[in-house]
Amino acid sequence: MIVTIITFILVFGILVLVHEYGHYFFAKRAGILVREFSIGMGPKIWWKRKNGTTYTVRILPVGGYVRLAGNDDEDEEELRPGTPVTLQLNDDDEVVTINTSSKSTLFQGIPMQLVDTDLTDDLWIKGYVNGDESEVKVYSVNHDAVVIERDGTQVQIAPRDVQFRSASLPARMMTNFAGPMNNFILSLVVFIILGFTLAGVPTNSNQIGKVNSGSVAAQAGLKAGDRITKVNNTKISNWTDLSMNLSDKPGQKVKVTYSRDGHSRTVALTPKTVKQGKQKVGQIGILEQQRTGIRDRLLFGWQQFVQAGTLIFAVLGHMFTHGFSLNDLGGPVAIYAGTSQATALGFNGVLNFLALLSINLGIVNLLPIPALDGGKLLLNIIEAIIRRPIPEKAEGIVTMIGFMILLVLMILVTWNDIQRYFIR
């Protein structure tokens, strides 16, 4: 159980870290201020500021996030009128630090009770200094000033020129797409790594790699190197076709046509009945041909990536054509259950699980649902079509509605997963 928990934390952490780094990297390239890059959730246990970004590690080792300038309103929440703060000035009498936290103190800080602020355009702050309410003092705020939030975290203010909405439309679209893109890259890389960890990779051809001694195939005269071209009257071109046409015929006599040395032969055999879970399948005792070349391993990684993506799209299509069910979805509980099964299969099982989850996360995030990256991209596309920015308030309302829907859906999915894996 401890191994499963550690593996779950690592897998979930890698997925989120890679996803968020995509947003972070392209936001930086576009000149958008990344105010915070967080690993984990909840109260912080470590932080460091560098090049305008606050890097934090938080106590819950699942998830993470990036705070892009203009995409969060925490400054407004921290700096409401009446809030007591402490200011620190530079030699030009500009405010360089605004402390809202009781956990830290500023050397030679100026105590102020806020009246109003503008940290976006004109960059000023005003209020009553030292409790003197007879005079409102106004200070200019430095462009790169820092706010010390209530929990002690230091983040840079977000002037208009470094905000997300100030970047070009292509840059914003690339920043929104970068998270899912990174998940796709991670999935492909992990599948390729998996190909290099295997003794050999399957070729998905119709050629037999090995015949088990004493098996149905051996008794029928089949040998390694034979190419199976037909099962009954069904043409066989790859191993997937072969497996499907034999596994669904347990105990049934079939005609297998194969090619050897350029000659075609046909043999009759009866697949052995083998129980897999609650299902009976047919097996004849042959193994798929495997190769060990570098090109073959790279191709294996690509094929696994494509097959995984195709399967996910098929599941999504089934949901739209056959009706939505919570059983078609899975949250953290389902991921934990899957991690337990993957851990039992060893290192390769975990790699395969990570790759599948990563491409899954990338595709799901591209769905045109508000609050997901796909929803943001949809708004970007609409903006490109109408050739004017979508009103910030309207975009915020749409995003909030999408977030609430996702929150409710996550609660329902989590409860359904608990029932599926731990109660029923």
Side-chain angles (χ1 to χ4, degrees), residues 13-39 50-55 63-74 120 155-192 302 305-306 308-309 312-313 316 355 357-400 402-403 406:
I14 290 171
L15 287 175
V16 175
L17 183 63
V18 168
H19 180 95
E20 296 300 333
Y21 184 78
H23 295 311
Y24 165 87
F25 180 79
F26 282 94
K28 283 277 193 178
R29 285 177 62 96
I32 301 166
L33 173 64
V34 181
R35 304 183 70 200
E36 182 182 359
F37 188 118
S38 175
I39 300 174
K50 185 177 181 181
N51 298 328
T53 300
T54 301
Y55 301 89
Y65 57 87
V66 291
R67 285 168 58 185
L68 303 182
N71 269 11
D72 63 81
D73 58 0
E74 293 194 29
T120 302
V155 294
Q156 194 165 310
I157 64 171
R160 181 81 62 189
D161 63 301
V162 294
Q163 289 191 7
F164 180 78
R165 292 175 67 88
S166 297
S168 67
L169 180 59
R172 282 182 280 140
M173 293 183 73
M174 191 64 230
T175 300
N176 286 329
F177 177 68
M181 180 188 72
N182 264 21
N183 284 125
F184 297 144
I185 294 172
L186 173 64
S187 178
L188 177 58
V189 168
V190 173
F191 273 130
I192 290 174
W302 171 253
F305 176 76
V306 171
I312 294 168
F313 279 115
L316 290 173
L357 278 180
S358 191
I359 190 173
N360 196 308
L361 179 62
I363 291 174
V364 170
N365 256 281
L366 284 179
L367 294 177
I369 300 173
L372 292 180
D373 295 324
K376 296 173 185 176
L377 281 168
L378 178 61
L379 293 176
N380 293 149
I381 294 170
I382 293 173
E383 181 179 335
I385 294 173
I386 65 177
R387 297 186 177 182
R388 64 176 184 274
I390 296 174
E392 195 170 346
K393 187 175 181 180
E395 185 174 339
I397 291 173
V398 170
T399 301
M400 181 57 68
F403 178 78
L406 287 176

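Position 1 is the first residue of the sequence, and the numbers go up from there.
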Would you tabulate the side-chain donor-acceptor contacts of residues 357-367 under 3.5 Å, counting partners in other chains and residues two or more places apart, or write 'none'?
unit_1, atom_1, unit_2, atom_2, d
S358, OG, N183, O, 2.7
S358, OG, N183, ND2, 3.4
N365, ND2, L361, O, 3.2

Q. With a 4.5 Å heavy-atom cut-off, do Q163 and T120 have their side chains touching?
A. yes
Q: Enter the distance from K28:NZ to T53:OG1 here, rounded to the nearest 0.5 Å.
A: 3.0 Å
Q. Distance from L378 atom CG to D373 atom CG, nearest 0.5 Å?
A. 12.5 Å
Q: State the CZ-CG distance between F403 and L372, to the nearest 0.5 angstrom.
A: 11.0 Å
Q.
Once ring-ring contact (aromatic ring centres under 6.0 Å, His included) is applied, do any residues pair with Y65, and if so which ones, sequence neighbours excluded?
A. none
Q.
By the definition salt bridge (charged side-chain N to carboxylate O under 4.0 Å, His left out), identify the one residue from R388, R165, R172 that meets it with E383.
A. R172
(Q) Tell me every residue that passes salt bridge (charged side-chain N to carboxylate O under 4.0 Å, His left out) with E20, counting only those two or more places apart in sequence or in another chain. (A) none
Q: Search all heavy atoms of L33 against all heavy atoms of G52 and return the closest pair with its distance.
A: CD1-O, 3.5 Å
Q. Distance from I185 atom CD1 to L188 atom CG, nearest 0.5 Å?
A. 8.5 Å
Q.
Could you tell me if the side chain of Q156 sits less than 4.5 Å from the side chain of V162, heavy atoms only?
A. no
Q. Is the backbone N or O of A69 less than 3.5 Å from a side-chain atom of R35, with the two atoms forming a donor-acceptor pair by type?
A. no
(Q) So I381 and M173, do their side chains get closer than 4.5 Å, heavy atoms only? (A) yes
Q.
Go through it in stages, so that I can follow the logic: the residues are V398 and I390, the test is side chain to side chain contact (heavy atoms under 4.5 Å, CB included), and I'd like the CA-CA distance, side-chain angles, deciding distance and then a yes or no.
A. CA-CA 11 Å; V398 170; I390 296 174; over 6 Å; no
**Q.** Over all atoms of both residues, closest heavy-atom pair of L406 and A371
**A.** CD1-CB, 3.9 Å
Q: Please list, chain by chain and in numerical order, all residues satisfying ring-ring contact (aromatic ring centres under 6.0 Å, His included) with Y21, sequence neighbours excluded.
A: Y24
Q | D161 CG to I32 CD1 distance, which is reported to the nearest 0.5 Å | A | 12.0 Å
Q: Please list, chain by chain and in numerical order, all residues satisfying salt bridge (charged side-chain N to carboxylate O under 4.0 Å, His left out) with R160, sequence neighbours excluded.
A: D121
Q: Would you check if M174 and M181 make a side-chain contact, meaning some heavy-atom pair closer than 4.5 Å?
A: yes
**Q.** Approximate separation, where rounding is to 0.5 Å, of L17 CG and S38 OG
**A.** 10.5 Å
**Q.** 4.5 Å side-chain heavy-atom contact, H23 and V34
**A.** no
Q. With sequence neighbours excluded, what pairs up with N176 under the side chain to side chain donor-acceptor pair (under 3.5 Å) test?
A. N380
(Q) Angle between ring planes, F305 versus F184, binned at 30° and 60°: parallel, tilted or perpendicular? (A) perpendicular
